[in-house]
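All remarks here apply to the structure that follows.
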Amino acid sequence: MFEEIKNQIAQRINEFCLQNGLPTGKVEFRNIPFSGEWGMAAPFFPLAAADPNKTGPVPQYAQVLAERLKEAIGLPTGFTRSEAVRGYLNLYFDTALYAAGVVDQVNKQGPQFGNAKPTGESVMVEYSNPNTHKPLHVGHLRNVILGGSVCNILEASGQKVVRANYIGDIGLHVIKWMCNYEMYHSGEQPGKDKMRWMADLYSEADRRFHEQEGFEETVRAYFARWDSGDEHIHDLWLKTRQWSMDGFAQVYELLGEHFDRIYFESEVEDSGKVLVASLIESGIATDGRPENPVIVDLDAILGTKEEYRVAVVLRSDGTSLYATKELPLAIMKFTEYDLDESIYVIDVRQSLHMKQMKKILELMGFPWAKNIQHLAYEIVNLPGNVIMSSRDGTVVLLDDLVREATQRALDVVREKNPELDPTIMQDVAQKVALGAIKYPMISRENTKIVTFDWESALDFNGQSAPYIQYANVRANSILRKAEDLEESPATFAYQLEPSEVNLIELLSKLPDEISKSAKDLKPSILAGYAYDLAKAFNDFYNQCQVLKAEGEVRNSRLALVQAARTCLEKTLNLLGIQAPQVM
RNA sequence: GUCUCCGUGGCCUAAUGGAUAAGGCACUGGCCUCCGAAGCCAGCAAUCUGGGUUCGAAUCCCAGCGGAGAUACCA
């Protein structure tokens with residue numbers, strides 16, 4: 001917005017510097033901290049500090065320079081006044097022109113507003129990565145929401161995104177589950193709620209494994225049968241895995257997530273073992289079997305000390321590990337898709353492993369290895385720094401949380417809006433509940449721990465998704481009642497209220513906010529913006545009449561409300577949160 | 001031991017090195033005859049410590065303190 005004008009002024013400042021023997025490139029514009037009116041400001045401290053002929057201390061000299069520049073520049077078109085104050089040169093925009101420019105642009109572009117031009121780059125984002133035969137809990141939710149939101153944001157910033165999900169469909173947890181099933185639940189079928197049923201059987205199996213005499217040995221024997229290719233177990237595995245996948249599908253649908261490519265751990269196990277063999281052959285890996293595992297001594301190879309450490313790529317008994325499978329998977333991704341970047345949304349505790357994988361792939365000579373990026377996020381724990389553990393029974397199941405939140409939201413909707421159709425009520429309650437659950441997961445820095453507690457999770461007030469959804473509903477309500485949405489463009493040719501200026505300013509920032517959060521892979525930036533926007537709208541709503549205003553004021557404000565709704569809905573959607581029409 | 005991350009009002013969180021550190025929760029008081037009170041307004045209260053870099057530091061560097069995590073056959 002107004003880039004050309006900024007450039008023109010920057011040009012004139014440069015000319016001034018050249019004419020007066022001052023260094024160039026030291027002056028940059030920023031926004032003035034909002035004070036009822038808006039414009040742009042240039043601090044002159046860097047220029048003052050860089051001038052070899054400066055007179056007096058920097059702050060004072062900056063003020064002198066600001067004053068001289070004020071005279072030299074005069075008042076460019078599009079501005080109403082300028083001032084030199086405390087070392088800054090402030091230029092104030094012509095409010096009507098600026099306002100109309102922003103609002104028209106939003107309304108013209110609609111939901112496309114804020115999107116960047118296609119970059120031609122393609123990126124894969126691997127996220128969710130659940131284990132079959134196990135439940136999904138709130139900790140997993142952060143991964144899904146974060147990953148999904150990052151995908152949305154990258155798409156809006158012009159990249160082609162492949163959403164990938166890497167499913168842990170083999171391993172001890174699966175064997176445990178199946179063994180328990182065959183011994184105690186043979187022939188049983190999951191009910192409608194497959195996820196819950198699978199989860200219950202998993203905790204039962206896990207409990208037996210740790211508590212029941214002899215069960216662990218039985219499971220080990222069962223594992224051996226599986227390893228030797230027992231057909232019956234293989235069939236059972238396919239069948240039960242599908243039950244889990246069906247359960248996941250239900251959750252993804254509920255959360256509004258979809259994937260373009262599903263990878264199974266079982267898919268890459270064999271190729272992983274082959275790959276390790278070639279690593280040994282090429283001298284990258286050291287085979288310590290049968291006493292020791294196959295390792296890649298990265299510190300020894302790279303000459304580093306306690307930095308990359310030792311990566312174990314195959315167990316001493318020849319069975320595969322996480323790392324064994326990770327390597328061929330990375331290769332498969334880059335062969336299947338022409339990726340410019342491969343992002344892994346994995347919790348921070350696996351940072352070293354990710355670093356090792358990337359380095360091993362580099363050592364193997366893959367030029368794309370440098371384009372692997374680990375998006376590390378902190379875990380979700382419980383108050384008192386208690387880590388969620390299915391063994392200790394401290395997990396908060398996704399299912400329970402969603403059900404409870406939806407019930408709570410339904411109570412509120414029923415109270416606020418009793419005349420709503422029950423079906424719509426249910427739909428609204430779910431959107432509000434899911435929003436409330438998702439928002440805390442993405443509204444803080446990826447590297448900060450989220451502490452889950454029921455009270456704040458079910459609080460629909462304050463800085464929360466329902467607050468943002470509510471602002472959107474209010475905007476929607478005005479527009480619905482307006483009926484006569486004007487096609488004549490808004491002029492804003494009247495004395496704007498500060499709250500209007502503030503709201504318009506925020507609207508104009510959306511493209512910037514999207515590109516910032518895409519660049520840093522931080523949905524939290526957009527989450528904060530969404531709240532600021534909603535707050536600005538509520539402020540406007542409180543201070544300015546729309547429907548009861550007349551003429552130009554009404555016309556312009558209606559256009560503003562429409563633009564605000566567009567931006568609110570757009571931002572919520574990028575965060576993976578739905579915006580109900582009423583609530 | 002080594003490495004990584006975190007340290008901002010009572011609690012939680014924000015601030016491309018830039019103007020008076022911004023919000024939420026909780027607490028106190030006010031606002032529905034007015035486009036939807038899941039809202040608005042007002043009040044209370046903060047940068048872990050010590051150095052350094054800089055015209056300017058919550059932000060960058062160093063040291064310390066406190067918390068969390070990782071550190072060869074879990075993922």
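A note on names: the letters A, B, ... follow the listed sequences, proteins ahead of strands, and every chain is numbered from 1.
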> If the P atom of B:A14 is compared with that of B:G9, how far apart are they to the nearest Å?
Replying inline: 13 Å

> Using the P atom in both, what is the distance from B:U8 to B:A68, to the nearest Å?
Replying inline: 15 Å

>> Rounding to an integer number of angstrom, what distance separates B:G24 and B:C44 when you compare their P atoms?
In response: 14 Å

> Between the base of B:C5 and the side chain of A:T447, is there any donor-acceptor pair under 3.5 Å?
Replying inline: no

>> Counting only Watson-Crick pairs (N1-N3 plus N6-O4 or O6-N4) and G-U wobbles (N1-O2, O6-N3), all under 3.5 Å, who is the partner of B:A37?
In response: none

>> Mind checking if A:V348 touches a base, just sugar-phosphate, or nothing, with heavy atoms under 4.0 Å?
In response: nothing

>> The side chain of A:K535 is closest to which nucleotide in this list: B:G24, B:G7, B:A70?
In response: B:G24

>> Whether the side chain of A:E306 and the base of B:G1 hold a donor-acceptor pair under 3.5 Å is what I'd like checked.
In response: yes

> Which whole number of Å gives the distance between the C1' atom of B:U47 and that of B:G66?
Replying inline: 16 Å

> Side chains of A:S320 and A:E269: is there a donor and an acceptor less than 3.5 Å apart?
Replying inline: yes

> Would A:F45 count as stacked on B:G18 if the rule is ring centres under 5.5 Å and plane angle under 30°?
Replying inline: yes

> On a whole-Å scale, what distance lies between the C1' atoms belonging to B:G29 and B:C48?
Replying inline: 34 Å

>> Without decimals, in angstroms, what is the distance between A:Q463 CD and B:C12 P?
In response: 15 Å

>> Please tell me whether A:D169 and A:S266 have a donor and an acceptor in their side chains that are separated by less than 3.5 angstrom.
In response: yes

>> Within this structure, what is the CD-CD distance for the pair A:E497 and A:Q543, rounded to the nearest 0.5 Å?
In response: 6.0 Å

> Any luck finding a side-chain donor-acceptor pair between A:N538 and A:Y467 under 3.5 Å?
Replying inline: yes

>> Could you identify the nucleotide paired to B:G69, looking across every strand shown and requiring Watson-Crick or G-U wobble geometry with both distances under 3.5 Å?
In response: B:C3

>> Please report the distance separating the P of B:A58 from the corresponding atom of B:G17, rounded so that it comes out in whole Å.
In response: 13 Å

>> Roughly how many Å apart are B:U16 and B:C11, using the P atom of each and rounding to a whole number?
In response: 24 Å

> Within the stacking criterion (centroid distance below 5.5 Å, interplanar angle below 30°), does A:Y88 stack on B:A19?
Replying inline: yes

> Would a line drawn from the ring center of A:Y61 to the ring center of A:F44 be shorter than 6.0 Å?
Replying inline: no

>> Measuring only the P atom in each nucleotide, how far is B:U49 from B:C65? A whole number of Å is fine.
In response: 15 Å

